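Proteins come first, then strands; the chains are lettered A, B, ... in the order of their sequence lines, and each starts at number 1. Computed from a predicted structure; not experimentally measured.
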Amino acid sequence: RITERFSNIFSKIKNKGKVTEDDLKVTLREIKLLLLEADVNYRIVNDFVNSLKEDIVGKEVYRSLKPEHIIIKSVNDKLVELFSAGDRELHFKGNPAIISLVGLQGSGKTTTCGKLAKLFQKYGRRTLLVPCDIKRPAAYDQLKQLSEKNSLNFFKTSQNDLIKRIEDAVGFALRENFDTLILDTAGRLHIDEELMDELKRIETEFKPCEKIFVGDSLTGQDAVNSAKTFNEMINITGVILTKMDGDQKGGAALSIVKSVEKPIKFICKGEHIDDIEKFYPDRFVSRLLG
Amino acid sequence: SAVFGGKREDYEFIEEQLLLSDIGVETTQKIIKKLKERVKEGVIIGRENIVEELKKIIKEILKDPLYFDLDEKGIILVSGVNGSGKTTSIGKLANYLVKNEKKVLLGACDTFRAAAFDQIEIWGNRANSFVYLPQNGKEPAAAAFESVNYGIENGYDKMIIDTAGRMHTNKNLMDELKKLYSVLKSKFPHIPLFSILVIDATNGKNTLHQAKNFKDAVNVDTIFLTKMDGTAKGGSVITIADELSLPISFVGVGESIEDIDFFDKNLFVDSIL
Ligand SMILES: Nc1nc2c(ncn2[C@@H]2O[C@H](COP(=O)(O)OP(=O)(O)OP(=O)(O)O)[C@@H](O)[C@H]2O)c(=O)[nH]1
Ligand SMILES: Nc1nc2c(ncn2[C@@H]2O[C@H](COP(=O)(O)OP(=O)(O)OP(=O)(O)O)[C@@H](O)[C@H]2O)c(=O)[nH]1
Ligand SMILES: [Mg+2]
Ligand SMILES: [Mg+2]
């Protein structure tokens, strides 16, 4: 689709034999529109296109006879480079290794906790799922039933102080030889000070080796606001994008990665326990560019 | 002489505000085009007028809220993509109806997700509404039939049907929803069915595709726009109003039972501009 979009511009350019600064302006505007229509944040789009302009000018596309190839390749490469940055592996440090999943309401955290626990089984790890949402109706039951259905280990508790609950889970893990804890936290608004403090307290007390922001790939312009605040509060280690089984382009991914400079580690494409896969930058970029 | 000279920077600033609100490129261009026409006509002569004119233009695109008849026995069908806020919104709606002296039944027709029954049971308790749990298996259309049938036989005023979240692009799940809808329409032809699509205000332009597909499946009457208590503006519903003529009737502004508002065009555009 990016090629169709530029074919008119490029055939005009081809006929002239070289690219003028005006042609480049038109092309960059088309790239801007494409990214905006993919739901990338407006300001992120401007930053990206401005820095892309510098890249392209440096490549002497003005004198190139195949400007469209250079420009499309530049967009593609720049995006792949962005998404490839950072450590996309999950690292298990500490005994037990603690992984926390955080994010806005309904983004898919609880479901993703189950998927990760199942995945870690394949890695040969003994994982304990810890219910850390004491607010949402039946959150405890949801994680418990998810665990039972998929033969995962669930930490049963009636401790209503969240910090004490996690301490109990750590103690239990040590006694029962679980090497990994996954904390399923409550969905919260990044502007909810009290709840963001709760997250900060969990981070300070337990220093999870992975703090994953679970982002809904349907998110539009707001993706920057929420991801940034979560990152500022607890210095996330990575992102998991959910609901990638829809037809959205997922521009939120670019907004998030560019604004917090943290890697996307996994994407989820469905509700079943196995619907989680490693994030591949080049595959994602082809989808984003349509 | 014009204070607002229609300088490029002015339009760019407006464009930025609209785009940041998830209004989308096409709709933003359409709105700015209308604004420029009115500037040309000499209608606008000051900066404040610009904002007021913009709000007017957006309000003209939005449709008036549409509501079910409070005093009529009826079915309210609730659908939408995963995690949009359906079950929570049903709790809020039920509470509102009960406060207005209606006898409300909640049909727990999400027979798929873990603890879906447990969750809606808690909301039913909070809203003083009866929760009907399907007795005969997991088929959603049968569950919906059972729920409404029970409701009618036991004198309920409103039967609110909760459905499982689904991607609008999943053919099997959309067919499942279509079947549920046609069963309700064919088995209860004389009971009005009010169809609500729940949309998450943090979503981007994909909501237009959601609205199109759900409208085809279950003849959506109106939108319940959730999570407006966050920083997202929910502007994508303006495009939905423009292209599908779908109104917004309810707004979710939090996770508590009281956090439901009737859609107000003025408040909505004020938050964008
Ligand atoms: N289609 C699809 N649905 C998903 C995906 N991940 C999660 N879901 C669904 O999204 C809905 C919300 O998932 P939850 O796991 O409850 O989300 P959550 O972030 O824990 O929600 P809160 O705890 O309320 O903040 C459920 O219906 C899930 O089955 C995905 O990748 N694709
Ligand atoms: N802040 C805020 N959160 C909301 C609002 N409405 C719902 N939520 C939260 O969003 C999350 C998902 O809500 P649900 O009611 O489970 O959504 P659902 O559409 O029924 O989800 P599925 O059935 O899994 O598709 C929960 O954590 C709710 O508390 C709202 O208006 N504001
Ligand atoms: Mg959860
Ligand atoms: Mg639900």
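With rounding to the nearest 0.5 angstrom, the CG atom of A:Asp247 is 11.5 Å from the CG atom of B:Asn170. Here the OG1-OH distance, from B:Thr28 to A:Tyr42, works out to 9.5 Å after rounding to the nearest 0.5 Å. Going from atom CG of A:Leu218 over to atom NZ of B:Lys205 covers 13.5 Å, rounded to the nearest 0.5 Å.
Proximity to chain A is absent for every atom of B:Phe117, based on heavy atoms less than 4.5 angstrom apart. Within the 4.5 angstrom heavy-atom criterion, atoms from both the backbone and the side chain of A:Asp141 approach chain B. Only the side chain of A:Asn41 comes within less than 4.5 Å of a heavy atom of chain B; its backbone N, CA, C and O stay farther away.
When side chains are defined from C-beta on, A:Leu189 counts as touching B:Asp229, because their heavy atoms get closer than 4.5 Å.
Heavy-atom pairs under 4.5 Å with chain A peak, among B:Ala114, B:Gly83, B:Ser21, B:Ser84, at B:Ala114. Interface remark: of the candidates A:Leu146, A:Ile191, A:Asn46, A:Ile191 forms the most heavy-atom pairs closer than 4.5 Å to chain B. Of all the listed residues (A:Leu143, A:Asp222, A:Leu36, A:Val224), the one sharing the greatest number of non-hydrogen pairs under 4.5 Å with chain B is A:Asp222.
Looking at B:Lys227, its side chain does come within 3.5 Å of a backbone N or O of A:Gln105 through a donor-acceptor pair.
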*asked:* Determine whether A:Lys243 and B:Asn203 satisfy the following criterion, side-chain contact (heavy atoms from CB on, under 4.5 Å), listing intermediate values before the conclusion.
replied: CA-CA 12 Å; A:Lys243 307 181 196 172; B:Asn203 281 189; over 6 Å; no
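Closest heavy-atom contact between B:Leu19 and A:Gln221: O-CG, 3.1 Å.
B:Gln119 and A:Gln142 share no donor-acceptor pair across their side chains, judged by distance under 3.5 Å alone.
Using a 4.0 Å cut-off between charged side-chain N and carboxylate O, A:Arg43 and B:Glu16 make a salt bridge.
Applying the side chain to side chain donor-acceptor pair (under 3.5 Å) test to A:Thr111 and every residue at least two apart in sequence or in another chain returns nothing.
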